Amino acid sequence: MSYKKIIERANDRLMAMAELTEDSYFNKIPKNKIDYFIDESIKIGMETAQKFVGKYNSLEEFCGDKKVKIELDTDEYGFEMIKLRGKYNEEKETIIMYHNSIKRMEIAYKELGIDFLNYDTIYKILLAHEVFHLIEVKEIGKTYEKLEDINIFKLGPLKKFYPIVKTSDIGANIFAKKFLNISYHPKVLNYLYIWGAGIIDKDKLIDYFDELDQKLNKSHLNSSLK
C-alpha cells in the first residue's frame with residue numbers, strides 16, 4: 001500500500017476519532033455521544049477557518065495583527081521529537097516552532113517518496129494548528145468549553161464532570177486544512193511520520209485505521225439508536 005492510500009483513508013471523521021481516542025477520558029464518553037463530539041468539533045474548526053480565510057493573507061499576518069510572535073526553536077531535545085513540533089505559549093504571546101522536529105518529519109516523508117510535504121509545507125500546517133489555539137484564547141473560547149462535559153465519576157449523589165480536551169485538536173486540524181486549502185487531513189502527518197521513520201510498519205498502521213473505522217461505525221449505530 002502506497003502512502004496515497006493512507007492519505008485517502010485518513011478522512012476528517014477517521015482522524016477526528018483518532019484524536020478523540022487520545023483523550024484521557026475517551027473511555028468515559030457515552031457511545032452515543034461520540035458522533036456529537038466529532039461533528040461539533042469539526043463544525044467549530046470549519047466555521048473558524050471560514051471566518052478568517054480572506055480576512056488575512058497569511059498565518060503570519062494574523063499573528064502580527066494579534067501581537068503574537070513566532071519563534072523558531074533549534075534547541076529541542078530528541079525525545080521531544082513527536083510531541084513538540086509547535087506550541088502556543090499564551091503567557092509569552094508566542095508561538096514556538098521546533099525546527100529539528102520539522103526536519104525529522106521532512107526526512108521521514110522523503111523515505112516514503114512524499115515530496116510535497118517539504119519543510120515549508122510542514123511548517124505552515126503545524127503553525128496553522130497553533131494559530132487555531134491562539135484564536136481559541138483570543139477570539140472564540142476553547143472548543144471543549146463549548147461542548148458538553150462528561151460524567152467521569154459517580155458515587156451516590158456525588159458526580160464529577162470533565163471536558164473532552166482533545167476536541168480542541170479536532171477543531172485545530174480542520175481549521176488548518178481549510179485555512180491552508182489542503183486536500184489531506186493534517187493529523188495524517190503523524191502516521192506518515194512514524195511509518196517513514198520506521199517506528200511502525202504499514203500493516204500495523206492499516207490495522208489501526210481499521211480499528212478506528214470499527215469504532216466510528218459502532219458510535220454511529222449507537223447515535224442512531226439514541
Side-chain angles (χ1 to χ4, degrees), residues 10 12 15-16 18-20 22-23 37-76 80-106 109 116-147 163-193:
D12 292 352
M15 292 295 93
E19 203 74 66
L20 207 61
E22 295 172 12
D23 192 275
F37 283 110
I38 288 176
D39 293 340
E40 291 302 309
S41 303
I42 288 175
K43 180 181 176 183
I44 290 170
M46 184 83 70
E47 290 177 346
T48 304
Q50 291 170 345
K51 179 179 178 181
F52 291 101
V53 167
K55 187 175 180 181
Y56 294 95
N57 294 320
S58 69
L59 298 164
E60 288 82 1
E61 182 183 345
F62 177 83
C63 290
D65 185 44
K66 301 302 176 183
K67 306 295 190 272
V68 171
K69 296 182 295 182
I70 303 172
E71 293 183 357
L72 190 64
D73 189 323
T74 60
D75 297 324
E76 82 269 22
E80 296 175 327
M81 67 180 178
I82 294 177
K83 287 189 176 180
L84 292 185
R85 293 162 180 174
K87 181 180 181 182
Y88 170 51
N89 188 315
E90 184 179 346
E91 292 182 2
K92 295 183 178 180
E93 295 283 7
T94 302
I95 292 177
I96 304 169
M97 303 298 293
Y98 294 91
H99 168 76
N100 292 337
S101 295
I102 297 171
K103 284 298 294 182
R104 280 190 286 266
M105 293 172 77
E106 182 183 36
Y109 302 146
F116 66 88
L117 284 179
N118 55 36
Y119 185 98
D120 288 343
T121 299
I122 300 165
Y123 177 95
K124 286 178 182 177
I125 293 171
L126 300 181
L127 177 59
H129 186 104
E130 299 309 317
V131 164
F132 178 80
H133 293 317
L134 160 62
I135 292 171
E136 285 184 303
V137 171
K138 291 186 172 290
E139 302 277 343
I140 65 172
K142 299 285 190 180
T143 299
Y144 56 83
E145 292 175 348
K146 297 173 178 291
L147 305 180
I164 301 300
V165 176
K166 274 291 183 177
T167 54
S168 279
D169 286 326
I170 295 174
N173 286 327
I174 292 297
F175 171 84
K177 181 180 179 182
K178 298 304 177 183
F179 188 93
L180 297 173
N181 192 29
I182 55 178
S183 60
Y184 47 92
H185 193 283
K187 190 170 177 63
V188 77
L189 269 65
N190 292 354
Y191 302 115
L192 294 173
Y193 169 76

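Predicted, not measured: the structure shown is a model, and the values here were computed from it.
- When each of Phe62, Phe132, Phe179 is paired with Phe52, the ring pair (Phe, Tyr, Trp, His ring centres under 6.0 Å) condition holds for Phe62 and for no other.
- By the 4.5 Å heavy-atom criterion applied to side chains, His129 and Asp169 are counted as neighbours.
- Looking only at side-chain heavy atoms (C-beta outward), Ile135 and Lys66 stay at 4.5 Å or farther from each other.
- Between Lys146 and Glu136 there is no salt bridge, since none of the side-chain N atoms of the basic residue sits less than 4.0 Å from a carboxylate O of the acidic one.
- Separation of atoms CD1 (Ile140) and OG1 (Thr48) is listed at 3.5 Å; rounding is to 0.5 Å.
- Within the 4.5 Å cutoff, side-chain heavy atoms of Lys51 are placed close to those of Glu139.
- Distance check: Ile38 CD1 to Glu40 CD gives 11.5 Å after rounding to the nearest 0.5 Å.
- The shortest side-chain heavy-atom distance between Leu147 and Pro163 does not fall under the 4.5 Å cut-off.
- Contact of the Tyr123 side chain with the Ile70 side chain is registered, since non-hydrogen atoms from C-beta on lie closer than 4.5 Å.
- Side-chain contact between Leu192 and Tyr109: present, with at least one pair of heavy atoms (C-beta onward) separated by less than 4.5 Å.
- Here Ile164 contributes atom CD1 and Glu19 contributes atom CD; the two are 12.5 Å apart, rounded to the nearest 0.5 Å.
- Partner of Lys138 under the side-chain hydrogen bond (donor to acceptor under 3.5 Å, both in side chains) criterion, chosen from Glu93, Glu90, His133: Glu93.
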Pair Val68, Ile95 - check side chain to side chain contact (heavy atoms under 4.5 Å, CB included), show working. CA-CA 7 Å; Val68 171; Ile95 292 177; 4.1 Å; yes
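- Going from atom CE of Met105 over to atom CD1 of Ile125 covers 8.0 Å, rounded to the nearest 0.5 Å.
- Counting non-hydrogen atoms of other residues, nucleotides and ligands closer than 6.0 Å to NZ of Lys142 gives a total above 12.
- Two residues are said to be in side-chain contact when any heavy atoms from C-beta on lie closer than 4.5 Å; Asn181 and Val53 fail this criterion.
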Could you go step by step and tell me if Thr121 and Leu180 meet the side chain to side chain contact (heavy atoms under 4.5 Å, CB included) rule? CA-CA 10 Å; Thr121 299; Leu180 297 173; over 6 Å; no
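- In this structure, OG1 in Thr94 is found 4.5 Å from NZ in Lys69, a value given to the nearest 0.5 Å.
- For the side chain to side chain contact (heavy atoms under 4.5 Å, CB included) with Met97, the qualifying choice from Ile102, Asp73, Thr74 is Ile102, the only one to do so.
- Looking at Asp12 and Lys177, a side-chain N of the basic residue comes within less than 4.0 Å of a carboxylate O on the acidic one, giving a salt bridge.
- Counting heavy atoms from C-beta outward, Ile170 and Thr143 have side chains that stay 4.5 Å or more apart.
- If you take CE on Met15 and OH on Tyr184, they are separated by 14.5 Å, rounding to the nearest 0.5 Å.
- Using modelled atom types, one side-chain atom of Asp23 and one backbone atom of Val165 make a donor-acceptor pair closer than 3.5 Å.
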